[in-house]
Protein chains: 2
Amino acid sequence: MKIWISDLKDHVGQAIELKGWAYHHRSSGKIKFLVLRDGTGYCQCVFVKAQIEEAIFNNFDQITQESSVAVTGVVRAEPRSPGGFELTAASFQILQRAENFPISPKEHGPDFLMNNRHLWIRSKLQHAVLRVRAEIIAAVRDFFDGRGFTLTDAPIFTPSACEGTSTLFKTKYFDETAFLSQSGQLYMEATAAAFGKVYCFGPTFRAEKSKTRRHLIEFWMVEPEVAFNDLWDNMELAEQFVEYIVQRTITNRAEELKALGRNIEPMLKVKAPFPRVHYDEAAMMIKKENPDFLIGDDFGAPDETIISSKFDRPVFVHHYPSAVKAFYMKQDEKDPTKCLSCDLLAPEGYGEIIGGGQREESLENLLTRIKEHNLNTADFEWFLDLRRYGSFPHAGFGLGIERTVAWVCGIQHVRETIPFPRLYGRNYP
Amino acid sequence: MKIWISDLKDHVGQAIELKGWAYHHRSSGKIKFLVLRDGTGYCQCVFVKAQIEEAIFNNFDQITQESSVAVTGVVRAEPRSPGGFELTAASFQILQRAENFPISPKEHGPDFLMNNRHLWIRSKLQHAVLRVRAEIIAAVRDFFDGRGFTLTDAPIFTPSACEGTSTLFKTKYFDETAFLSQSGQLYMEATAAAFGKVYCFGPTFRAEKSKTRRHLIEFWMVEPEVAFNDLWDNMELAEQFVEYIVQRTITNRAEELKALGRNIEPMLKVKAPFPRVHYDEAAMMIKKENPDFLIGDDFGAPDETIISSKFDRPVFVHHYPSAVKAFYMKQDEKDPTKCLSCDLLAPEGYGEIIGGGQREESLENLLTRIKEHNLNTADFEWFLDLRRYGSFPHAGFGLGIERTVAWVCGIQHVRETIPFPRLYGRNYP
């Protein structure tokens, strides 16, 4: 009976079959070892000459790295083994003998690894990162589903831009032009009026012509929106959310984080409440260390690091200047040059992982903002309707999955946080 | 204290505040009724003249359909009320008086409703359909996450086509051209070799120039792939999966399905095992009732209905002619004109909801198939690598979410199964 390595614990003492790939193998005269991986785990299979048909035993040396192999044998508990079990092998069969596997323990350049991404994901560290990613995504959904939010997917094809037009992908959509979504935000405002508490979770696209360690062309974003929430409610929701996904992941993926060498001490401190800093205060902090910073500007990555380095957990910066935020942000009634926005900066230099805030609910103000941003009012008629038919205060945010995965894993570049990254100049494999 | 209608049960006897939209209101002299909806439920608020300040009571008639309103009052259990609770109102405030709401109980044409989709989703039946959709999506994820599958998202931007080139959307990707994914299939074959059991779940795109009730331009698909599974394992996984999502949804969304008038009798029968019919046998069934059908052809929607009408639950058709299926399908070794594919046809005329099968694992055969399909080998080098480095038998399938939602809800057209449908000629709102 073929079983998965992750299920070995239920088959101790039984004769079973494993199928997988040769991760590592070595010979030592009368005994040969094969570490098999099947994607769910690793298992050392031990071949003893005296116990195996000679022709089969001698064929062992035909195994190459990543050859697909079926092994039969008896499961044995082995506390010293990484997975806790070993297989006393009775026989094996090479399903396909792999050609010389291009990825070896030696150092490869990032371009080489990215060109071989379809094979690189088999390696232990990439495997660990992507398992953490899957856990974070499951945590995201459980958090919102468990609190009465309704998942309402936003469309990818959109007739208009919402986050500025400089980074838009477009496609011929029959006789029209469609843009690829940069955010589901506007659509979540419509579904919030129908379902109260909503979120969308899907890929978003920004044609950023920059090669940084924090940008992907195609990235996944979760965007909750809550009817009748204000800026302060929004920060409360965001901090509970981030605490939940971080604490759950470091518990459920302890093994993977250990493989990655992640120091989880700083992660244990990611507990609500998070500090809240007004933009003006944050700007003063930056100015002290970076005299070139202009108060009123948006923050660059080094500026964010200056702020986040002052705290032991993620920190909110709120009330950014209206001029640096999107048209739909509600302006502060006491000081319209500021808006009711909040970004969450992750510690350890990871920077912004959440952007959000309270939305403009006045039809009149929104029309003014759309004109100020040189956007086409006709494209936003449906969005304006939300202010005509029962306008309501509401707030929400977007969390970028890849930056969150990078932070939780403690890795430097977002390109390793998604199975097949799309980067400036990279659309393969 | 502002609370959600879904939480009323925890506040019986307490003075609370509700915020939402006027769903329905009527006056009867000294007593006025407002049914408020807040997205999480409906609550009747009762205003008695003798108990309320006169100016406030008289202002009631200013309320219009979909006006946003805040109401304070005391929660009262009321078994005759749909939600089980009512509010004895003390006061209310109109947050924004809605203009004349365009959607009324009278019949509207589909184009009008689709143009007002952002408002139409507030109506009871659309609300119910989209709640069923969210439940099905949660069920999909729980099924795979609970069985040790790893979610491995496929990219949307791809360098090549996999399901034929006639329905491709493309975009300028910096200096290259990128295609929008029609399926994550090929990528799941790579991640299956890294994680054993995998799935992806995201939007896919097909530029179909047809207006049918079963096609969307942008639709969500879940695609599991399992290393070392064959065609028969694949059908077992698919039937367990479909049983799980259907049975869970009819339990957890009984109220919504009732609102939709869905007869759940046929749904109760959706239990594994499902019948399995060989293509040749299915073709004979069709031929008897549709003499124009050519044996060897793919099935049209009416042909699928002929087959599915003969069974009381979903039915698999397997071993389709290789010529009508994608290049990556493994051919039957005994009869290479047939392939190891399986489609699942839903009952009640809903037709294909799953397509899948066992994949070709031989490098040589795959190269032949790529040439036969006039595809560019260079685009598939990474995919061919999966046959060079530990090739392995594997199988998987794709389930279309919108067709599944339509079937479970018993509605005729997929355009109502997604918040913002994209159809031939429609990219708004």
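A, B, ... follow the sequence lines: proteins, then strands. Residue 1 opens every chain. Computed from heavy atoms alone, side chains included, the values below leave out hydrogens, waters and symmetry copies.
- Heavy atoms of other residues, nucleotides or ligands lying less than 6.0 angstrom from NZ of K211(A) number 12 at most.
- Two residues are said to be in side-chain contact when any heavy atoms from C-beta on lie closer than 4.5 Å; F420(B) and T191(A) meet this criterion.
- With a 4.5 Å cut-off on side-chain heavy atoms, Y389(A) and Q65(B) do not count as touching.
- When heavy atoms are compared at a cutoff of 4.5 Å, R388(A) approaches chain B by way of both its backbone and its side chain.
- Considering all non-hydrogen atoms of both residues, R122(A) and A193(B) come closest at NH2-CB, 3.5 Å.
- Open room surrounds CG on N100(B); 12 or fewer heavy atoms of other groups in view lie less than 6.0 Å from it.
- For the set A227(B), G202(B), G148(B), the entry with the most heavy-atom pairs within less than 4.5 Å of chain A is A227(B).
- Residues F205(A) and T171(B) have side chains not in contact (no heavy-atom distance under 4.5 Å, counting atoms from C-beta outward).
- The contact between D379(B) and chain A is made entirely by backbone atoms, counting heavy-atom distances below 4.5 Å.
- The shortest heavy-atom contact between R422(A) and P159(B) is NH2-CD, 4.2 Å.
- With a 4.5 angstrom heavy-atom cutoff, T177(A) touches chain B only via backbone atoms.
- Note that CZ of R117(A) and CH2 of W382(B) are 12.5 Å apart. Values are rounded to the nearest 0.5 Å.
- Between I156(B) and I156(A), every side-chain heavy-atom pair lies at or beyond the 4.5 Å cut-off.
- Of the residues considered (G390(B), G39(B), A190(B)), G390(B) shows the highest number of contacts with chain A, using heavy-atom pairs under 4.5 Å.
- A distance of 13.0 Å separates OG of S6(A) from CZ of R147(B), quoted to the nearest 0.5 Å.
- Within the 3.5 Å criterion, the main-chain N or O of A207(A) finds no donor-acceptor partner in the side chain of Y173(B).
- The distance from the CG atom of D145(B) to the CD atom of E135(A) is 8.5 Å, given to the nearest 0.5 Å.
- With chain A as partner, the option from R133(B), K2(B), K197(B), R37(B) having the largest number of non-hydrogen pairs under 4.5 angstrom is K197(B).
- The greatest number of non-hydrogen atom pairs below 4.5 Å with chain B, out of T40(A), D38(A), I418(A), I217(A), is found for I217(A).
- In this structure, I137(A) and D153(B) have side chains that are in contact, with non-hydrogen atoms separated by less than 4.5 Å.
- With a 4.5 angstrom heavy-atom cutoff, A192(A) touches chain B only via backbone atoms.
- Taken to the nearest 0.5 Å, the CZ atom of F157(A) stands 5.0 Å off from the CG atom of L180(B).
- Contact count versus chain B (heavy atoms, under 4.5 Å) is highest, among E66(A), E218(A), R131(A), for E218(A).
- Of all heavy-atom pairs between L151(B) and A134(A), the closest is O-CB, 3.8 Å.
- Both the backbone and the side chain of P429(A) come within contact range of chain B, with heavy atoms under 4.5 Å apart.
- Contact check for H118(B) versus F383(A): no side-chain heavy atoms found under the 4.5 Å cut-off.
- Of all non-hydrogen atoms in F228(B) and L95(A), the two that sit nearest each other are CE2-CD1, 3.7 Å.
- Rounding to the nearest 0.5 Å gives a distance of 12.0 Å between CG of N115(A) and CD of E381(B).
- Contact count versus chain B (heavy atoms, under 4.5 Å) is highest, among Y424(A), F101(A), Y187(A), for Y187(A).
- When each of P155(A), G196(A), P419(A), A98(A) is checked for heavy-atom pairs under 4.5 Å with chain B, P155(A) comes out on top.
- Between atom CZ of residue F169(B) and atom NZ of residue K170(A) there is a gap of 16.0 Å, rounded to the nearest 0.5 Å.
- In this structure, the portion of E176(A) lying under 4.5 Å from any heavy atom of chain B is its side chain and not its backbone.
- Interface summary for chain A: among R387(B), R141(B), R97(B), the most heavy-atom pairs under 4.5 angstrom belong to R141(B).
- In this structure, the side chains of F392(B) and Q96(A) stay at 4.5 Å or more apart for every pair of heavy atoms.
- For a residue to count as touching a neighbouring chain, one of its non-hydrogen atoms must lie under 4.5 Å from one of that chain's; by this rule K19(A) touches chain B with backbone and side chain alike.
- Across A70(B), P102(B), C200(B), the residue that shares the most heavy-atom pairs under 4.5 angstrom with chain A is P102(B).
- Across every non-hydrogen atom of S68(B) and S391(A), the tightest pair is OG-O, 2.5 Å.
- Between chain A and the options Q126(B), E361(B), K209(B), the largest number of non-hydrogen pairs under 4.5 Å is found for K209(B).
- Using a 4.5 Å cut-off between heavy atoms, S67(A) contacts chain B through its backbone alone, with no side-chain atom that close.
- Contact detail for N427(A) and A178(B): the closest heavy-atom pair is ND2-CB, 3.4 Å.
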